[in-house]
Amino acid sequence: MKYDFTHFTDELSKIKCTLNNSQLEQFELYYDMLIEKNKVMNLTAITDFDEVIEKHFLDSLFLCHTIDLNAEKSIVDVGTGAGFPGIPLKIAFPELKITLLDSLNKRVGFLNEVIEALELKDIEAVHGRAEDIARDKEHRAAYDICVSRAVANLSTLSEYCLPFVKMGGCFVSYKSGECESEVADAKSAIYLLGGKLNRIEQFGYSDNHRSFVIIDKVMNTSNKYPRKAGLPSKKPL
């Protein structure tokens, strides 16, 4: 391998996540494809190898510190962008069935190139807005877990994400740093959407601090939600 993955594997070992050489080669190819495509379209502001490892790959995978991913679970990654956290999760936990959702068709094209090049199975990239796809019967209440690293307030994200989750499943929002006040502000929206706050799990590594907000799906989401495209962000519940 042309890159040094020692830091990557050392950090993962702390949360009992181990990768074989084949998986490390997939991460290497993913990094190369990300950097190459980033020359012609805006996928990430972070391009240095060590920073991508830290802020994209490790950050995506620390979900397994919070939720057991060693099972055949279905996950939808809402607002996946360049494939985070969905593609790292799929590489590290091949049994997961993953749907990557993004509103920009060019990004979906890149994701499909990565899926093909890395020979990943049981993963698809879907083009569309969460407000529209969540109303599709193929996707509504169809997933064990919904994840999102998207930057939006938790009320808005909950309206995007909870409709995708099965009863008994959960939505996990990746948040940076302290987020207790944001979570408190979102409680009524979470309740309206059929969710219940399970816990906030905070995880520090190197110079980064990540909070995972875990919201359980305890009731069916009303057919009123999500509202039409644009409203969840303009007028949060």
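When reading the values below, keep in mind they use all heavy atoms of this one structure, side chains included, and skip hydrogens, waters and symmetry mates.
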Is the backbone N or O of Thr47 less than 3.5 Å from a side-chain atom of Tyr31, with the two atoms forming a donor-acceptor pair by type? yes
So which heavy atom on Gly86 is nearest to which on Leu100, and how close? CA-CD2, 3.7 Å
Verdict with reasoning, Lys37 to Val114, per side-chain contact (heavy atoms from CB on, under 4.5 Å): CA-CA 11 Å; Lys37 184 64 76 172; Val114 172; over 6 Å; no
Taking atom CZ of Phe203 and atom NE2 of His65, what is their separation to the nearest 0.5 Å? 4.5 Å
Mind checking whether Val151 and Leu63 sit in one hydrophobic cluster, side chains of I, L, V, M, F, W, Y counted as touching below 4.5 Å? no
Spacing of OH belonging to Tyr191 relative to CG belonging to Leu237, to within rounding of 0.5 Å: 14.0 Å
So, are Glu182 and Lys175 salt-bridged, with charged N and O less than 4.0 Å apart? yes
When you measure from the side chain of Glu131 to the backbone N and O of Gly230, does any donor-acceptor pair fall under 3.5 Å? yes
For Tyr3 and Asp50, test the side chains for any donor-to-acceptor distance below 3.5 angstrom and give the result as yes or no. no
Apply side-chain contact (heavy atoms from CB on, under 4.5 Å) to Phe49 and Phe5, showing your working. CA-CA 10 Å; Phe49 175 73; Phe5 281 97; 3.9 Å; yes
Less than 6.0 angstrom separating the ring centers of Phe62 and Tyr174, yes or no? no
Pairing donors with acceptors under 3.5 angstrom, does anything connect the side chains of Gln202 and Glu180? yes
Please evaluate residues Leu89 and Ile98 with respect to the criterion side-chain contact (heavy atoms from CB on, under 4.5 Å), reporting the C-alpha separation (whole Å), side-chain torsions for both, the decisive distance (0.1 Å), and the verdict. CA-CA 9 Å; Leu89 290 172; Ile98 291 188; 4.1 Å; yes
Path from Ile145 to Leu154 over hydrophobic side-chain contacts below 4.5 Å: no
Closest non-hydrogen atom pair between Cys179 and Ser211, with its separation: SG-CB, 3.8 Å
Out of curiosity, does Leu120 fall in the hydrophobic cluster containing Tyr143 (side-chain heavy atoms, cut-off under 4.5 Å, transitive links)? no
Value rounded to 0.5 Å, distance of CE in Met33 from CD1 in Ile87: 8.5 Å
State the OG1-CG distance between Thr221 and Leu193, to the nearest 0.5 angstrom. 6.0 Å
Donor-acceptor contact below 3.5 Å, side chain Lys90 vs main chain Leu96: yes
Identify the two heavy atoms, one from Ser173 and one from Leu157, that lie closest to each other, and give their separation to 0.1 Å. OG-CD1, 3.6 Å
Heavy-atom pair with the smallest gap, counting every atom of Arg129 and Ala229: NE-CB, 3.5 Å
Examine Ile75 and Ile91 and state if one hydrophobic cluster contains both, with Ile, Leu, Val, Met, Phe, Trp and Tyr joined whenever side-chain heavy atoms are less than 4.5 Å apart. yes
Assess the side chains of Arg149 and His56: does a donor N or O sit below 3.5 Å from an acceptor N or O? yes
Distance, nearest 0.5 Å, that separates CG of Leu111 from NZ of Lys106: 14.5 Å
Closest non-hydrogen atom pair between Lys55 and Asp59, with its separation: O-CB, 3.4 Å
Quick check, are the ring centers of Phe164 and Phe171 under 6.0 angstrom apart? no
Supply the atom-to-atom distance Ile46 CD1 to Ile53 CD1, rounded to the nearest 0.5 angstrom. 12.0 Å
Under 3.5 Å, side chain of Glu51 to main-chain N/O of Asp48, donor-acceptor pair present? no
What residue among Asn198, Thr66, Ile67 forms side chain to side chain contact (heavy atoms under 4.5 Å, CB included) with Cys170? Ile67
Side chains of Asp144 and Ser74: donor-acceptor distance under 3.5 Å anywhere? yes
I'd like to know if the side chain of Asp136 reaches the main chain of Glu138, judged simply by a donor and an acceptor atom lying under 3.5 Å from each other, with no hydrogens or angles considered. yes
Donor-acceptor pair, distance only, cut-off 3.5 Å: does the side chain of Asn38 make one with the backbone of Thr44? yes
Is it true that a side-chain atom of Arg135 and a backbone atom of Pro226 form a donor plus acceptor pair closer than 3.5 Å? yes
Verdict with supporting geometry, Leu58 and Leu12, side-chain contact (heavy atoms from CB on, under 4.5 Å): CA-CA 7 Å; Leu58 279 174; Leu12 289 177; 3.7 Å; yes
Any side-chain donor-acceptor pair under 3.5 Å between His139 and Thr99? no
Between Ser148 and Tyr160, does any side-chain donor sit less than 3.5 Å from a side-chain acceptor? no
Is the shortest side-chain heavy-atom distance between Lys217 and Leu162 below 4.5 Å? yes
Could you state whether Leu197 and Ile214 fall into the same hydrophobic cluster, counting links through intermediate Ile, Leu, Val, Met, Phe, Trp or Tyr residues with side-chain heavy atoms under 4.5 angstrom apart? no
Taking atom types as modelled and ignoring hydrogens, do the side chains of His7 and Glu54 form a donor-acceptor contact shorter than 3.5 angstrom? yes
Going by atom types alone, do Ser13 and Asp10 pair a side-chain donor with an acceptor below 3.5 Å? no
Would you call Asp68 and Lys73 a salt bridge, using N to O less than 4.0 angstrom? no
Test Arg107 against every option in Asn42, Asp102, Thr80, Asn112 by the side chain to side chain donor-acceptor pair (under 3.5 Å) rule and name the one that passes. Asp102
Between Tyr30 and Phe84, does the ring centre distance come in under 6.0 Å? yes
Are Lys97 and Glu72 close enough for a salt bridge, meaning some N to O gap below 4.0 Å? no
Please lay out, stage by stage, how Glu201 and Arg210 fare under the test salt bridge (charged side-chain N to carboxylate O under 4.0 Å, His left out). CA-CA 8 Å; Glu201 199 150 319; Arg210 171 60 79 192; over 6 Å; no
For the student: nearest non-hydrogen atoms of Leu34 and Ala82, plus distance: CD1-CB, 3.7 Å
Return yes if some donor-acceptor pair links the side-chain N/O of Glu159 with the main-chain N/O of Tyr225 below 3.5 Å, else return no. no
